[in-house]
Amino acid sequence: MPDYIEIILRTFGAFFILIITTRFLGKQTLAQMTYFDFVIAITMGAIVANLAFNTHIKAYHLLLSFGIFVGITFLIAYMCLKSQKARKFFAGDPTIVIQNGKILEHNMKKMRYTLDYLNQELREKNAFDIEEVLFAILEINGTLTLLKKPQYRTVTRQDLWIASSPEYKLPIELIMDGKIIDKNLKENKITLSWLEKELKKRNLWVNDVTYGVLGANGQLYLDTYNDHLQSPIDQE
């Protein structure tokens, strides 16, 4: 077999193996990574990359190595699911870096977390004054979460004693790319005649609609291909 044919086949194989394995391991591999997720990602990438183009290593050797690694990963993930100690060992613990408006320098040093990076993260969360922060926590995936002091928090409808209608379900997608999503209609007991009636009220056909969703508040939102904008903004 010519080398270029072998590389093409190995590359396709490596791609689909990686897709299947990622789905098997779960969505946590797509989220912001912990230490454990980071090791998984770089190791899987290295093995699959060699499978794709390194013809000096036999494909079945790489597949064997990849299979063993996936098995180890799945075993560790199962251990973390069952044991808090295992989760702590492989993923680590969140670290408090601000408490009651005071920076905990000792905790920051342990995490090698600089003041510049802390200030950047605070600004991204609209906290320009450290004294506004009650707690700031460096999560195990590297993100900073914070809780502001009560006097600096955003006012809610509940704070103002303003009544709000309850919502018990997620928005339901009914139309996408000019096509009705029959599955969502059936699962949510929404009739086609009702949807057609709502479209008729707006003088629309199904193929006029880019996206149609029934909100949690019961309102139907429809976005059409023709937005009827005089000067649409199309700049990046």
Side-chain angles (χ1 to χ4, degrees), residues 4-5 7-34 37-38 40-42 44-45 48-49 51-53 66 70 73-74 77 121 123-126 139 141-145 154-160 162-236:
Y4 70 91
I5 295 294
I7 290 174
I8 290 172
L9 293 175
R10 288 171 68 131
T11 301
F12 271 96
F15 174 79
F16 286 108
I17 287 170
L18 196 56
I19 290 293
I20 293 168
T21 304
T22 304
R23 289 183 64 87
F24 172 71
L25 291 176
K27 292 183 179 178
Q28 69 272 9
T29 55
L30 304 178
Q32 290 178 301
M33 296 184 290
T34 63
D37 298 325
F38 178 73
I40 291 173
I42 60 174
M44 285 175 58
V48 170
L51 176 61
F53 66 81
F66 189 80
V70 170
T73 302
F74 186 76
E121 291 288 307
R123 289 192 295 269
E124 289 179 356
K125 292 171 173 55
N126 296 319
E139 304 291 353
N141 61 7
T143 59
L144 187 74
T145 55
T154 304
V155 177
T156 64
R157 296 174 68 93
Q158 184 174 353
D159 294 330
L160 300 176
I162 298 175
S164 57
S165 56
E167 297 178 355
Y168 300 106
K169 57 185 180 181
L170 293 170
I172 305 165
E173 294 176 334
L174 302 180
I175 301 174
M176 189 174 290
D177 296 326
K179 296 180 180 179
I180 295 174
I181 306 175
D182 295 316
K183 178 174 176 288
N184 288 356
L185 289 179
K186 291 177 182 177
E187 288 181 354
N188 294 278
K189 296 181 174 58
I190 299 171
T191 63
L192 181 60
S193 59
W194 175 85
L195 180 58
E196 290 174 341
K197 183 179 178 181
E198 292 297 316
L199 290 171
K200 190 175 181 180
K201 286 181 184 177
R202 298 163 173 80
N203 295 317
L204 294 172
W205 298 95
V206 174
N207 55 12
D208 295 328
V209 181
T210 313
Y211 187 61
V213 59
L214 183 63
N217 58 1
Q219 298 297 316
L220 180 64
Y221 168 80
L222 297 172
D223 183 82
T224 59
Y225 286 103
N226 187 350
D227 293 318
H228 303 288
L229 298 176
Q230 296 295 327
S231 301
I233 299 173
D234 60 359
Q235 297 178 350
E236 294 184 357

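Every value quoted in this text rests on a predicted model; they were computed, and no experiment measured them.
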Does Glu121 come within less than 4.0 Å of Lys125, counting only side-chain N to carboxylate O?
yes

Apply salt bridge (Lys or Arg N to Asp or Glu O under 4.0 Å) to Lys186 and list each qualifying residue two or more places apart in sequence or on a separate chain.
none

Run the side chain to side chain donor-acceptor pair (under 3.5 Å) test against Thr210 and tell me which residues pass, sequence neighbours left out.
none

Contacts of Lys197 meeting salt bridge (Lys or Arg N to Asp or Glu O under 4.0 Å) (sequence neighbours excluded), chain-then-number -> none

Flag, side chain of Asn184 to backbone of Glu173, donor-acceptor distance under 3.5 Å
yes

From the list Ile175, Leu220, Ile180, Asp208, side-chain contact (heavy atoms from CB on, under 4.5 Å) partner of Leu199 resolves to Ile175

List the residues meeting salt bridge (Lys or Arg N to Asp or Glu O under 4.0 Å) with Glu198, not counting sequence neighbours, and say none if there are none.
Lys201, Arg202

Can you find a pair of side-chain heavy atoms, one from Tyr225 and one from Asp177, that are under 4.5 Å apart?
yes

Considering all heavy atoms of both residues, which atom of Pro171 and which atom of Val213 are nearest to each other, and what is their separation?
CB-CG2, 3.7 Å

How long is the straight-line distance from CD1 of Ile190 back to CG of Leu174, given to the nearest 0.5 Å?
5.0 Å

Residues Thr145 and Glu139: closest non-hydrogen pair is OG1-OE2, 2.6 Å

Of all heavy-atom pairs linking Met176 and Ile181, the shortest is CB-CD1, 4.1 Å

Taking salt bridge (Lys or Arg N to Asp or Glu O under 4.0 Å) as the test, write out the residues that go with Glu187, two or more places apart.
Lys183

If you count the non-hydrogen atoms of other residues, nucleotides and ligands that lie under 6.0 Å from CH2 in Trp205, is the total more than 12?
no

According to side-chain contact (heavy atoms from CB on, under 4.5 Å), who are the partners of Thr156, at least two apart in sequence or on a separate chain?
Gln158, Asp159

